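What follows is one structure encoded as C-alpha cells, with my remarks underneath.
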Amino acid sequence: MSNLSQLLQFYKGTLIPAPIAIGVQAVNKNSFHVNHFDCHCSSDDCAETSYDCHCCSDDCAETSYDCHCCSDDCAD
Amino acid sequence: MNFSTAWLTTNRTCNNHCTWCYAKNTLGNSQIMDFENAKIAIKELKKRGVKRIILIGGEPTIYPNFIQIIRYIRSNNMLVSIATNGRMFKDMRFATEVLSAGITTIDISLKAFSEEEYKKNTNSYGLEEMLRGYSNLKQLGFKPSISYVLVNNREETIDNLINFLLEKDISQISLQFVKPILNLSGCELPMDLTEMSSLVEIIYNKMTNKKINYSIGIPFPLCLIDSNILTHLIRERRIFNCCHVPKGSGINIDENFKIIPCNHFAEFPFSDTPIDFSNEKALDNLYNTEIVQHFKNLSKCYPAKKCQTCNLWSQCGGGCFTYWLSLDPNDYIR
C-alpha cells in the first residue's frame with residue numbers, strides 16, 4: 001500500500017459525491033493567491049491578462065463576485 | 001488529461017526554515033529538478049492546455065536554472081509566477097534579470113515584522129533583505145504581491161501586521177492560514193478551525209477600521225464564520241477559497257517529477273515512480289490508476305451530510321480536504 005493510500009484511510013468525511021463548488025473570489029487583483037484555485041484560467045482571454053482573468057468578459061461584470069462561472073470551461 | 005495551471009517544485013532547498021512550513025519534512029532534500037527534463041515536462045504541459053506555471057519550493061529563486069526556466073516557460077507562451085520569500089531580490093541585478101526573463105507574478109511571503117522575529121520564525125535574518133527586494137522590484141516598475149501566513153490567533157499579531165503595513169507603505173496584503181502538515185498518522189493542525197474563524201472576525205474588524213486593503217484565503221467551511229461578517233466579506237470581495245483539486249484543473253510536479261495531489265501532499269505522491277514526460281501517455285496512465293481515481297473521488301465528496309442542503313455549498317466547497325484527514329467534519333460544520 002502506498003503512503004498516500006495509507007493517508008487516505010484517515011478520511012472522515014462522507015462518501016456522498018458533491019457538485020464542484022465555484023468558490024468565492026477576492027478582488028485583490030495584485031494577489032497571486034487569488035488565482036490559486038484557478039477555475040477561470042481555461043479561457044484564452046484569460047491568458048492575455050496576468051492573473052485577473054475574469055475581468056475580460058462583459059458577462060463577468062454582470063455577476064457579483066464569481067464572474068468565472070459564466071464560462072463554459074469553468075462550469076466543469 | 002488537460003490542466004490550466006501547473007505547480008513545479010524546482011527544489012526543496014530553502015534559505016529559510018519556517019517553523020510552519022507544510023513541506024518542512026522535505027527541506028533536507030537537496031534534490032533539484034533536472035532542467036533538461038523540466039523543459040520536456042513544460043512542453044508536455046503546454047500541449048495539455050497549461051496556461052500558467054507556478055514555481056514553488058523550497059525557495060524557487062535559489063534554483064540554479066531559475067532565470068532559464070522562466071525564459072523557457074515564457075518562450076512557450078505560458079505565464080509564470082513564483083511564491084518566494086523575496087530575499088534574493090535584494091540584489092538589483094538579480095531582480096532586473098528576473099523581470100527581463102518575463103516573470104508574470106511574484107508573490108513575496110512576509111515572515112515577520114522585525115529581524116529578531118524573522119530569525120525566530122525562519123532561523124535566518126531575512127527581513128531587511130526581503131524589504132530591499134520588495135523595494136527593488138517596485139523601483140523597477142513591478143508590483144509584487146505580499147502575503148502573510150497566519151500561524152496563531154492572537155489579536156496582537158494582527159495589530160503588529162497592520163502597523164507594519166502602514167509603516168512600510170505596503171498597500172495591500174493577502175492573508176493565508178498556516179497549512180496542515182500531513183504525516184503517516186494523519187494530519188498535524190497548527191491551528192484549530194474555530195480559532196481560524198474567530199481570527200477572520202478579528203481581521204475583518206481591525207482591517208476595516210484601519211482601511212487596509214486585504215484579502216484572506218479561507219481554507220475552512222464558510223459556515224464557521226459569523227454570518228453577518230461573512231456577508232460583508234463576500235460583498236467586499238475580501239475572501240477567496242476553494243482549490244483546484246476537486247476540479248482537477250491543476251497539476252503539481254515535485255522536484256523528482258513525481259505527481260503530488262497538491263502542495264500539501266509533498267511527501268505523498270500518487271506514485272513513487274517519476275513521470276517520464278517524454279512518454280506522452282505517461283500522465284494519462286497515472287491518472288487512470290486506482291489511487292488517483294480514489295483521491296479524486298474523495299476530494300469531490302461532501303464533508304458532512306449537512307452540506308448537501310446548505311445554500312452556501314457552491315461558494316464554500318466544504319473547506320480544504322486535508323482537514324478531514326484529521327478532524328470529523330460533523331464536529332465543525334453547522
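Throughout, a chain's letter reflects where its sequence line sits, starting with A, and its residues are numbered from 1. What you see is a predicted model, and the numbers here were worked out from it, not measured in a lab.
Side chains of B:Leu298 and A:Leu15 form a contact here, defined as non-hydrogen atoms less than 4.5 Å apart. No side-chain heavy atom of B:Phe265 sits less than 4.5 Å from a side-chain heavy atom of A:Asn3. B:Leu222 places a side-chain heavy atom less than 4.5 Å from the side chain of A:Val24. Side-chain contact between B:Leu327 and A:Lys12: absent, with no pair of heavy atoms (C-beta onward) separated by less than 4.5 Å. Under the 4.5 Å side-chain criterion, counting only non-hydrogen atoms from C-beta, A:Pro19 is in contact with B:Tyr302.
Between A:Gly13 and B:Pro329, the shortest heavy-atom distance links the atoms CA-CG, 3.8 Å. Nearest heavy-atom pair across B:Pro303 and A:Tyr11 is CA-OH, 4.4 Å. The two atoms that bring B:Leu325 and A:Phe10 nearest to each other are O-CB, 3.2 Å, heavy atoms only. Of all the heavy atoms in B:Cys316 and A:Ala21, the pair that sits closest is C-CB, 4.3 Å.
Of all the listed residues (B:Met78, B:His294, B:Glu267, B:Lys300), the one sharing the greatest number of non-hydrogen pairs under 4.5 Å with chain A is B:Lys300.
Looking at B:Tyr323, there are no atoms closer than 4.5 Å to chain A (heavy atoms on both sides), in backbone or side chain.
In this structure, B:Phe295 CZ and A:Ser5 OG are separated by 11.5 Å, a value rounded to the nearest 0.5 Å. Note that the OG atom of B:Ser299 and the CD1 atom of A:Ile20 stand 7.0 Å from one another [nearest 0.5 Å].
Remark: the backbone N or O of B:Lys305 is not paired with any side-chain donor or acceptor of A:Thr14 at under 3.5 angstrom.
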